[in-house]
*Asks:* 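The structure is given below, and queries will be raised subsequently.
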Number of protein chains: 4
Amino acid sequence: MNPRVDLAQKRGELRDHIRDAAIAEFAENGLRGASTQAIADRAGITKTKLHYYIDSKEDLYQQSLDHIVGIWEELFDGIPLDLGPEAFLSFYITRKISFSIHHPAEVRMFANEIMRGAPMLRSHWAGSRASTLRAAARIEDWVSAGLIRQVDPMLLQFNIWALTEHYALMAPEVRYMLGLAEDAPLDEAKIAAEVTMLVLRGLKP
Amino acid sequence: MNPRVDLAQKRGELRDHIRDAAIAEFAENGLRGASTQAIADRAGITKTKLHYYIDSKEDLYQQSLDHIVGIWEELFDGIPLDLGPEAFLSFYITRKISFSIHHPAEVRMFANEIMRGAPMLRSHWAGSRASTLRAAARIEDWVSAGLIRQVDPMLLQFNIWALTEHYALMAPEVRYMLGLAEDAPLDEAKIAAEVTMLVLRGLKP
Amino acid sequence: MNPRVDLAQKRGELRDHIRDAAIAEFAENGLRGASTQAIADRAGITKTKLHYYIDSKEDLYQQSLDHIVGIWEELFDGIPLDLGPEAFLSFYITRKISFSIHHPAEVRMFANEIMRGAPMLRSHWAGSRASTLRAAARIEDWVSAGLIRQVDPMLLQFNIWALTEHYALMAPEVRYMLGLAEDAPLDEAKIAAEVTMLVLRGLKP
Amino acid sequence: MNPRVDLAQKRGELRDHIRDAAIAEFAENGLRGASTQAIADRAGITKTKLHYYIDSKEDLYQQSLDHIVGIWEELFDGIPLDLGPEAFLSFYITRKISFSIHHPAEVRMFANEIMRGAPMLRSHWAGSRASTLRAAARIEDWVSAGLIRQVDPMLLQFNIWALTEHYALMAPEVRYMLGLAEDAPLDEAKIAAEVTMLVLRGLKP
DNA sequence: GATGAATGAGGGTTCATTCAT
DNA sequence: TATGAATGAACCCTCATTCAT
């Protein structure tokens with residue numbers, strides 16, 4: 001075994017560990033409200049050690065944000081583009097709800113950044129917008145082909161984002177209203193089914 | 001004119017002004033990330049003067065939260081209860097989207113609090129849950145009467161919340177994707193129409 | 001009745017009331033540690049009203065100190081000077097212990113000022129020293145006359161002050177060690193008797 | 001030389017240095033009146049550095065108090081218990097007066113705490129009381145054995161405390177009355193002799 | 001004479017970061 | 001690479017006092 005590889009790997013793992021701790025802290029308290037001490041605590045290291053691995057809090061924030069965007073894009077890379085609306089949307093919604101339920105911190109940190117006006121996210125938005133516009137075009141095609149009713153293709157996408165991200169952002173509220181314990185798992189399948197049905201039926205020609 | 005009334009009014013206005021400044025700051029930075037200095041700056045007063053009017057940052061936060069909950073409840077008091085699903089839902093959605101678009105800070109602060117686990121909101125939730133359960137019962141009635149399709153009445157409500165609040169929470173993203181300027185007004189009527197249609201059609205029996 | 005007299009009297013009473021509140025607060029927290037808010041609270045008035053009646057915290061402190069010195073001097077004015085040591089000392093000790101037990105705050109505030117180096121008491125000390133030296137001379141006379149043993153007349157006075165003031169300064173400790181409740185009265189007569197006996201026997205030729 | 005030892009030692013010394021500065025400040029101004037800025041100034045460090053070494057002002061106060069209690073107990077550990085009253089008392093008084101004269105700040109801080117009702121000292125008092133009661137029993141034995149006159153054993157102890165602590169608490173007054181400069185040393189031997197004589201003679205059967 | 005509002009200075013404490021080793 | 005020590009800026013808040021009526 002090459003010990004240098006092990007070391008590098010270990011360091012990489014620690015970096016990932018730090019990033020996850022940071023995402024959790026940023027999700028809960030935002031950039032300003034997050035403290036490097038809290039991040040260090042979550043990561044189980046000292047504050048000094050944390051600062052040895054990062055350049056600054058803002059930099060760690062940016063990194064974490066980039067990481068989330070990366071996951072996001074990756075997540076929808078694998079969906080076949082030539083499916084009809086029904087298959088595509090149910091696929092997309094299911095996957096996104098699954099991610100929201102299992103990675104709420106990522107979604108919350110992302111939303112938090114947008115709520116602040118997204119000053120550190122704007123660099124990613126150009127690409128994001130391009131693919132959103134492409135998706136809009138495809139939706140228009142569906143409309144033209146009579147596969148779905150007349151609909152605003154941009155607002156439709158926003159609405160789907162709203163529906164799927166809600167179960168990450170507002171999970172505590174959802175749990176409380178359902179009478180679930182704070183750590184109880186949400187019924188991913190049921191939620192995905194309800195949302196999918198709402199959207200698909202809502203789009204029927 | 002009675003000067004005493006003027007004074008009291010002025011004070012009341014200042015208090016409201018402070019609360020609005022606080023909501024804006026809390027919406028952007030959360031409880032921890034908000035600084036009393038920033039709130040004072042937004043309100044156009046000195047930090048000392050701010051602290052003359054409030055007991056503590058946490059207290060101001062709680063007050064602001066209570067205020068938002070108050071508005072919220074008031075907002076839906078006036079909706080006639082005996083309307084059918086179509087009228088009721090379009091009424092409700094329209095009103096809520098209007099509020100979201102015109103008072104995004106209130107919605108964001110609220111969401112922020114929930115993302116943190118809602119430690120300071122829990123006191124309000126008991127009442128909130130009761131009315132949510134009542135609404136669920138009404139929805140079940142609509143289902144029984146065949147007015148809408150079979151649907152989970154709790155998830156339906158969550159979905160409507162998601163759709164309506166999204167245009168407050170994610171307004172910067174929405175604007176960017178639509179190619180609008182940062183301060184451009186969102187087309188309230190169109191958004192309400194699209195969301196209403198999605199929901200009403202999505203619920204057709 | 002002359003209402004103007006009543007008013008003046010009322011004001012005078014309030015001033016006394018404030019002074020007593022101040023002494024209590026200064027006794028417990030010293031000049032720096034005392035807050036005008038706390039003094040106002042003890043006096044049952046608002047802070048603004050307090051500041052209407054005083055010039056400054058330091059001034060109130062000085063006034064209170066002067067008042068205590070005045071009481072002090074008055075207290076020993078009435079003791080006949082031509083008594084022998086036995087009568088004089090028992091008289092003096094009894095009176096001083098009585099004052100200490102019934103007015104601990106005054107004694108504590110005084111002691112507090114001395115512990116700080118007595119910066120605001122020095123003006124009174126010239127007179128104080130003169131009478132202490134006079135008393136020392138009288139004690140020397142008693143020694144010369146063979147009424148008491150050879151003793152340092154200054155240290156004797158310090159020792160008597162120590163013994164008598166202790167029951168004001170350290171009352172909480174005394175009470176605790178005796179197993180008394182925090183508000184239980186100290187047995188003035190017994191304490192005076194013990195101290196007197198210690199001193200008188202301790203001075204026997 | 002081991003540099004690690006040096007460092008640890010240095011740190012320990014700084015901690016001691018801070019504690020001494022704190023005792024001096026607390027002695028003069030009490031807990032409320034003492035400022036961390038003033039303590040830092042006395043210790044010759046910045047306020048931030050001070051706060052790096054302490055948890056809070058209150059904690060530093062408690063620590064300092066504990067330290068004093070520790071010294072106190074240590075101070076009287078070495079006195080042989082089987083001495084007769086004369087030897088024991090002269091030993092005890094001499095030692096306590098010596099401490100009072102050389103460590104007035106410690107005694108003053110202690111007294112200050114008691115004057116405030118000893119809220120942070122009460123934990124130590126249980127043990128203190130036990131040993132005071134034991135000492136009282138020994139005094140009773142002396143009385144029974146006819147070695148000293150009938151005396152209240154608790155009040156006797158209070159009186160000795162009063163006499164010995166006075167030269168710490170009221171040193172400025174003592175100095176002024178004796179015509180000494182503010183920093184002039186007190187004549188430890190003479191004071192101890194006078195107090196010892198007063199007590200021993202005052203207890204003669 | 002009396003009082004709610006206002007304020008500059010300072011209170012104790014935490015912050016993200018850098019230093020020194 | 002790693003870490004305890006250190007630090008200037010900023011944090012929330014209270015202070016004694018003055019203002020304005």
Side-chain angles (χ1 to χ4, degrees), chain A residues 7-8 10-11 14 31-40 45-61, chain B residues 3-4 6-8 10-11 14-15 29 31-40 45-61, chain C residues 4 7-8 10-11 14 29 31-40 45-61, chain D residues 3-4 6-8 10-11 14-15 29 31-40 45-61:
Chain A
L7 251 178
K10 222 177 181 180
R11 253 197 318 260
L14 181 50
L31 171 55
R32 295 263 288 264
S35 84
T36 55
Q37 180 64 68
I39 294 170
I45 60 177
T46 64
K47 196 167 61 162
T48 304
K49 191 166 185 177
L50 171 66
H51 275 282
Y52 178 73
Y53 278 90
I54 67 173
D55 281 346
S56 70
K57 188 171 80 161
E58 297 222 338
D59 185 73
L60 177 56
Y61 185 82
Chain B
R4 210 170 289 187
D6 282 9
L7 249 179
K10 221 176 179 181
R11 242 172 329 180
L14 180 51
R15 268 174 218 284
N29 297 107
L31 172 54
R32 296 259 290 262
S35 82
T36 55
Q37 179 65 69
I39 294 171
I45 60 178
T46 64
K47 199 167 58 159
T48 302
K49 188 168 183 179
L50 171 66
H51 276 284
Y52 177 71
Y53 279 90
I54 67 173
D55 282 344
S56 69
K57 188 174 79 162
E58 299 223 335
D59 187 75
L60 177 57
Y61 185 83
Chain C
R4 212 172 285 188
L7 252 179
K10 224 177 180 179
R11 255 199 315 262
L14 181 52
N29 297 107
L31 171 55
R32 297 261 289 264
S35 83
T36 55
Q37 180 64 68
I39 294 170
I45 60 177
T46 64
K47 196 167 62 160
T48 305
K49 191 166 187 178
L50 171 67
H51 275 282
Y52 178 72
Y53 278 90
I54 68 173
D55 282 346
S56 71
K57 188 171 80 160
E58 297 222 337
D59 186 73
L60 177 56
Y61 185 81
Chain D
R4 208 171 290 188
D6 283 7
L7 248 180
K10 222 175 179 181
R11 240 172 329 177
L14 181 51
R15 270 174 217 284
N29 297 107
L31 172 54
R32 297 260 288 262
S35 83
T36 55
Q37 179 64 70
I39 294 170
I45 59 178
T46 64
K47 199 168 59 159
T48 302
K49 189 168 181 179
L50 171 67
H51 276 284
Y52 176 70
Y53 279 91
I54 68 173
D55 281 345
S56 69
K57 188 174 77 160
E58 297 222 337
D59 187 74
L60 178 56
Y61 185 82

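These numbers come from the heavy atoms of this one structure, side chains and all, not from hydrogens, waters or symmetry mates. What you are looking at is a predicted structure, and each value in this text was computed from that prediction instead of being measured.
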*Asks:* Walk along nucleotides 10-16 of chain F from 5' to 3' and tag each nucleotide B, S or - by protein heavy-atom contact under 4.0 Å, base first, then sugar-phosphate.
*Replies:* -SBBB-B

*Asks:* Calculate the interatomic distance between A/L50 atom CG and F/dT1 atom C1'; express it in whole Å.
*Replies:*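 Rounding to the nearest Å, CG of A/L50 and C1' of F/dT1 are 15 Å apart.
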
*Asks:* Return the value, rounded to whole Å, for the distance between atom NZ of A/K49 and atom C1' of E/dT21.
*Replies:* 17 Å

*Asks:* Strictly distance-based, threshold 3.5 Å: is any side-chain N or O of C/K57 a donor or acceptor partner for the main-chain N or O of C/T36?
*Replies:*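 Side chain of C/K57 to backbone of C/T36, a donor-acceptor pair under 3.5 Å: no, none is there.
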
*Asks:* Might you point out which heavy atoms bring D/A38 and C/R32 nearest each other, and give the distance in Å?
*Replies:*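 Looking at all heavy atoms of both residues, the closest pair is CB-NH2, 4.4 Å.
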
*Asks:* For the pair made of CG in D/N29 and P in E/dG12, what is the distance, rounded to whole Å?
*Replies:*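 Going from D/N29 (CG) to E/dG12 (P), I get 11 Å.
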
*Asks:* In sequence, state the C-alpha distance, the side-chain angles, and the governing distance for D/K47 and D/I39, and then conclude on side-chain contact (heavy atoms from CB on, under 4.5 Å).
*Replies:* CA-CA 8 Å; D/K47 199 168 59 159; D/I39 294 170; over 6 Å; no

*Asks:* Using atom CG of D/L60 as one end and atom P of E/dT13 as the other, report the distance to the nearest whole Å.
*Replies:*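 It works out to 10 Å between those atoms.
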
*Asks:* To the nearest 0.5 Å, what is the distance between CZ (B/R15) and CG (B/L60)?
*Replies:* 11.0 Å

*Asks:* Output the rounded distance in Å from OH (C/Y53) to P (F/dT17).
*Replies:*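 Distance check: C/Y53 OH to F/dT17 P gives 18 Å.
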
*Asks:* Can you tell if the side chain of C/K49 reaches within under 4.5 Å of the side chain of C/T46, non-hydrogen atoms only?
*Replies:*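 The answer is yes; the side chains approach within 4.5 Å.
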
*Asks:* When you look for runs of 3 or more Watson-Crick or G-U pairs in a row, both distances below 3.5 Å, which of them include DNA chain E?
*Replies:*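 Stems (3+ consecutive pairs) listed as E:2-21 with F:2-21.
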
*Asks:* Please report the interatomic distance CD1(A/I45) to CG(A/L14), rounded to the nearest 0.5 Å.
*Replies:*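 CG of A/L14 is found 5.5 Å from CD1 of A/I45.
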
*Asks:* Set out, in order, the CA-CA distance, both residues' side-chain angles and the distance that settles side-chain contact (heavy atoms from CB on, under 4.5 Å) for D/L50 and D/I54, then state yes or no.
*Replies:* CA-CA 6 Å; D/L50 171 67; D/I54 68 173; 4.0 Å; yes

*Asks:* Just how far, in rounded Å, is P of E/dG12 from CD1 of D/I45?
*Replies:*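 Computing the D/I45:CD1 to E/dG12:P distance gives 14 Å.
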
*Asks:* Residues two or more places apart in sequence or in another chain: which of them pass side chain to side chain donor-acceptor pair (under 3.5 Å) with D/Q37?
*Replies:* D/D41

